[in-house]
Amino acid sequence: MNKIYRIYRELLDSFGYQNWWPVHRDTDRFLEVSVGAILTQNTNWSNVEKAIENLLKENALSWETLLNIDIQELKQLIKPAGFYNQKAVYIKNFVKNTYKKPKRALTREFLLSIKGIGEETADSILLYGLDRLHFVVDAYTRRIFHRAGIIDSEKTSYRKLQNLIEESIPRDLTVYKEYHALIVELAKRHCRKKPVCDGCPIRNLCNAA
DNA sequence: AGCCAGGCCAAGC
DNA sequence: GCTTGGCATGGC
């Protein structure tokens, strides 16, 4: 078994299934994942949760409402998530561009053409919102794989790292979904900017420890 | 009280 | 192509 897949197995054994992406009942999964993915750009998830609660409170986590809501009101609702001026524009722009699209038209290339949707956001939407086999790469992935000695720089390009991972693990939706979620969990518990290697489940697989 | 958080875009090499 | 600055709140 290759090292990338071994790390996955170890994380799954230690942390268990994460069951991402968390969504609420009675919302459109594709929509909630997309809005959450935009809101969480460079932002702590606990702040995103506050913003989502505000949206739910106002019944604003629906296509209909987001299409029609006043931009200034939307900004106020999502304020806790930070960068709210641009994120409100991104959300408005996203729903306007996707609400009438058939699912098959929602390709990676199309999503990337929408202002505010970059590679990580697009892949998060595709994987967790649309069940498409796209691995999500983020800053944590780069940090962890760099420290583990799998890549030689944290600046390794998105596509290069994504290809490397996708070649190393089974083409399986659950594996893709869980692995990214487990990476985030590892980064929060141990592989922080200032590493806490004590008790790290992949310590024996890591160069930095 | 500073550092950090599940990036993205525009401008400038 | 890659680098840099701006965007903002809340928890530790």
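Computed from a predicted model, the values in this text were never measured in an experiment. Throughout, protein chains are lettered first and strands after them, A, B, ... in sequence-line order, and every chain is numbered starting at 1.
Phosphate contact (OP1/OP2 of B:dC8, side-chain N/O of A:Y90, threshold under 4.0 Å): absent. Under 4.0 angstrom from either OP1 or OP2 of B:dA5 there lies at least one side-chain N or O belonging to A:R143. The phosphate of C:dG11 has OP1 or OP2 within less than 4.0 Å of a side-chain N or O from A:K50. Between A:T43 and the phosphate of B:dG7, there is no side-chain N or O to OP1/OP2 separation shorter than 4.0 Å. In this structure, A:N44 does not reach the C:dT9 phosphate: none of its side-chain N or O atoms is under 4.0 Å from OP1 or OP2.
With a 4.5 Å cut-off on side-chain heavy atoms, A:Q41 and A:Y90 count as touching. Taking the side chain as every heavy atom from C-beta outward, A:Y17 and A:L182 never approach each other to under 4.5 Å.
DNA chain B is contacted by both A:L112 and A:Y140; A:Y140 maps to the nucleotide lying nearer its 5′ end (nearest heavy atom per residue). Comparing A:G82 and A:S157 by the nucleotide of DNA chain C whose heavy atom lies nearest to each, the residue mapping closer to the 5' end is A:S157.
Look at CD1 on A:I117: it is 17 Å from C1' on B:dA10, rounded to the nearest Å. In this structure, A:L111 places its CG atom 15 Å from C1' of B:dG7, rounding to the nearest Å. Regarding A:I114, its CD1 atom lies at a distance of 13 Å from the P atom of B:dC8, rounded to whole Å. When the C1' atom of B:dA5 is taken as reference, atom NZ of A:K194 falls 18 Å away, rounded to whole Å. Atoms CH2 (A:W45) and C1' (C:dT9) sit 15 Å apart, rounded to a whole Å. Look at CG on A:N85: it is 16 Å from C1' on B:dG7, rounded to the nearest Å. As a whole-Å value, the separation of A:L182 CG from B:dG6 C1' is 14 Å. Rounded to whole angstrom, the span from the CZ atom of A:R159 across to the C1' atom of C:dC2 amounts to 18 Å.
Using a 4.0 Å heavy-atom criterion, one finds that A:K188 contacts the bases of the nucleic acid, with or without backbone contacts as well. When heavy atoms are screened at a 4.0 angstrom cut-off, A:Q86 is found touching base atoms of the nucleic acid. Contacts of A:D138 with the nucleic acid, taken as non-hydrogen atoms under 4.0 Å apart, involve only primed sugar atoms and P, OP1 or OP2. Among the heavy atoms of the strands lying under 4.0 Å from A:A139 are primed sugar atoms or P, OP1, OP2 only; no base atom is included.
When each of C:dT3, C:dG6, C:dG10 is scored by its nearest atom to the side-chain atoms of A:K155, the top-ranked nucleotide is C:dT3. Comparing C:dT3, C:dA8, B:dA5 by their nearest atom to the side chain of A:Y84 picks out C:dA8. Distances from the side chain of A:P80 to the nucleotides C:dT9, B:dA5, B:dG6 place C:dT9 closest.
Remark: C:dG10 base-pairs with B:dC4. Criterion, Watson-Crick or G-U wobble with two distances under 3.5 Å.
Residues A:E154 and A:R147 are not paired through a salt bridge, judged by the lack of any N-O separation under 4.0 Å between the basic side chain and the carboxylate. A salt bridge links A:E185 to A:R189: at least one charged side-chain nitrogen sits closer than 4.0 Å to a carboxylate oxygen.
Only the C1' atoms considered, C:dG10 is 14 Å distant from B:dA1, to the nearest whole Å. Comparing the same atom, C1', in C:dA8 and in B:dG2 gives a spacing of 15 Å after rounding to whole Å.
A:L55 approaches A:V35 most closely through the heavy-atom pair CD1-CG1, 4.0 Å.
At a cut-off of 3.5 angstrom, the base of B:dC8 holds no donor-acceptor pair with the side chain of A:Q41.
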Exercise. Test side-chain hydrogen bond (donor to acceptor under 3.5 Å, both in side chains) on A:T65 and A:S62 and set out the steps.
Key: CA-CA 5 Å; A:T65 309; A:S62 75; 2.8 Å; yes
